[in-house]
Amino acid sequence: MLPNPVLPALQELCSVVSSTVGGLDELELRLNKFTGSLSSSIVTQIIDSCKHEAPTRRMLRFFLWSHKNLKCGLEDKDYNYAIRVFAEKNDHTAIDILTSDLRKEGRVMDTHTFSVVADILVKLGREDEALGIFKNLDKYKCPQDGVTVTAIVSSLCAKGHARRAEGVVWHHKDKISGIEPCIYRSLLYGWSEQENVKEARRIIKEMKLAGFMLDLFCYNTFLRCLCERNLKRNPSGLVPEALNVMMEMRSYKIDPTSISYNILLSCLGRTRRVKESCGILETMKKSGCPPDWTTYYLVARVLYLTGRHGKGNQIVDEMIGAGLIPDRKFYYDLIGILCGVERVNHALELFERMKRSSLGGYGPVYDVLIPKICRGGDFEKGRELWNEAMGLGITLCCSSDVLDTSITEVFKPTRKLEKASFVDCTTTKNREQVANNIEKAKKKKNDDRKKNWEQVAKKKKNDYKKKKNSTST
């Protein structure tokens, strides 16, 4: 708890730093006029209070000003905290400035700060900088131990830089004793991000040879890698190869879960494999793996997208009958898909199911359905839904103008439906004219071809005569 005299000073500085009026130089001028007492703990609290409101450049200028003007100086923990805050804000420039100052002044970077910095640098595409800091950790007075090795390997693998991560592991084998399973899992994930099935399988084999027990995470990671690769290169191999992996899992007494099957179903849905998706759902039931609501969502989604709306409704009813309560996203996405494929009536039926489940959160659905229905010309139904939403006390984002027939444009089919009519003389006349034009074009083409042939024959005859005359001479 801060002493009472400190609170006004803290509030004053927070308001100065958070203000968006004026530039950085003006900020520093206002800070120079500050006459209250300042300590390293107050600086940290101001950074913490302003991190969600103040621009990062103003926070950085305040921190550097505090470093210059604080008589007792900032402590290492304050520097580390500030670096972590700027890392959370993805401010590479601020991270670079403070880490450079930290090294020049001989301060200590703690392992937590390095983990955060390495992670954000890799996410920003600056993995070379992250590796540079790791190689020179001694200059930051931070140890190269199991914690920092794990941090850099995890950060690199999270973005698919598995080969570079393996290089780090190779050069620091002596520092990963006891944490090998964690390192292997990171490498497996890294190769899976690249969809490199061969290298991912190699990591699994190395884990088995080293005597480390494979778990559900390892196999699900490999399964995702395999399915993503087959989705792009061999869609017909999705189901057989995935089922082979699941058989291997069972041989090691690891039962596939709904997450394992959902990985496969997600890829099947993206390639519109309806029959296989329904088959996997049945396989789950027979194998004793209960489907979750995500499973039913993935199957219903591919059915709706391919026009099997009745079957899709059956899947939804089956899920409800099984006592599963889905997330609101289940209904949001499926209703959006049905509206997108112009099946508004089915979307309304699905919305009724959502309301019967008492999930709440109906506002976004009304915002999608009301404009869609009104643009389809059914203003009466749109008005009914609007009144229903108002009766439930829901604040809608869509405007009431959509209910006005003079404002909302009704979209009609652009495709012209041709009707054959033997009575319509105009149509018959047009057809005769087109037929005559085609005949004329054919005749002209044949005449041109005949004329060209005659010219070629005449030229050959003249060339033959010239050659004969020159020979007799």
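In what follows, every heavy atom counts, from backbone to side chain, and hydrogens, waters and symmetry copies are set aside. Sequential numbering from 1 along the given sequence is applied to the chain's residues.
Closest of all the heavy-atom pairs between G237 and N230 is O-ND2, 3.6 Å. Pairing each heavy atom of I83 with each of I95, the nearest pair is O-CG1, 4.5 Å. Contact record, R58 with V16: NH2-O, 3.0 Å, taken as the closest heavy-atom pair. Looking at every heavy atom in both residues, A54 comes nearest to S18 through CB-CA, 3.8 Å.
A donor and an acceptor atom, one from each side chain of Q144 and D138, are nowhere located under 3.5 Å apart. Residues H92 and E129 bring a donor and an acceptor atom of their side chains to less than 3.5 Å of each other. Checking R272 against T306 by side-chain atom types alone, no donor-acceptor pair falls below 3.5 Å. Defined by atom type and a distance below 3.5 Å, a donor-acceptor pair is present between the side-chain atoms of D292 and T295. Checked by atom type, the side-chain pair N234/S236 shows a donor-acceptor distance below 3.5 Å. For the residue pair Y81 / D48, a side-chain donor-acceptor distance below 3.5 Å is found, with atom types taken as modelled.
In this structure, K208 is not positioned above the aromatic face of F212 in the sense of NZ or CZ being under 6.0 Å from the six-membered ring centre and within 45° of the axis.
Listed for the S154 side chain is a donor-acceptor partner under 3.5 Å among the backbone atoms of T150. Put simply, the side chain of T148 gets close to the backbone of D145: a donor and an acceptor are under 3.5 Å apart. In this structure a side-chain-to-backbone donor-acceptor pair under 3.5 Å is present from N80 to V108.
Two rings, from F351 and Y366, have their centers less than 6.0 Å apart.
Between T294 and the options L324, D327, N262, L265, a side-chain contact (heavy atoms from CB on, under 4.5 Å) holds for only N262.
Here CE of M246 is found 5.5 Å from OG of S260. Values are rounded to the nearest 0.5 Å.
Between F134 and H172, some side-chain heavy-atom pair lies under the 4.5 Å cut-off. Within the 4.5 Å cutoff, side-chain heavy atoms of L131 are placed close to those of R164. Residues M284 and S258 are in side-chain contact: their nearest non-hydrogen atoms beyond the backbone lie under 4.5 Å apart.
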- Task: Start with the C-alpha distance between T93 and D96, add both sets of side-chain angles, then the distance that settles side-chain hydrogen bond (donor to acceptor under 3.5 Å, both in side chains), and finish with yes or no.
- Result: CA-CA 5 Å; T93 303; D96 187 46; over 6 Å; no

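M390 CE: more than 12 foreign heavy atoms inside a 6.0 Å radius.
Not counting sequence neighbours, F330 has no partner by the ring-ring contact (aromatic ring centres under 6.0 Å, His included) test.
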Side-chain donor-acceptor pairs under 3.5 Å in residues 296-305, sequence neighbours left out?
residue : atom : partner : partner atom : Å
Y296    : OH   : E318    : OE2          : 3.3
Y297    : OH   : D333    : OD2          : 3.2
Y304    : OH   : N313    : OD1          : 2.6

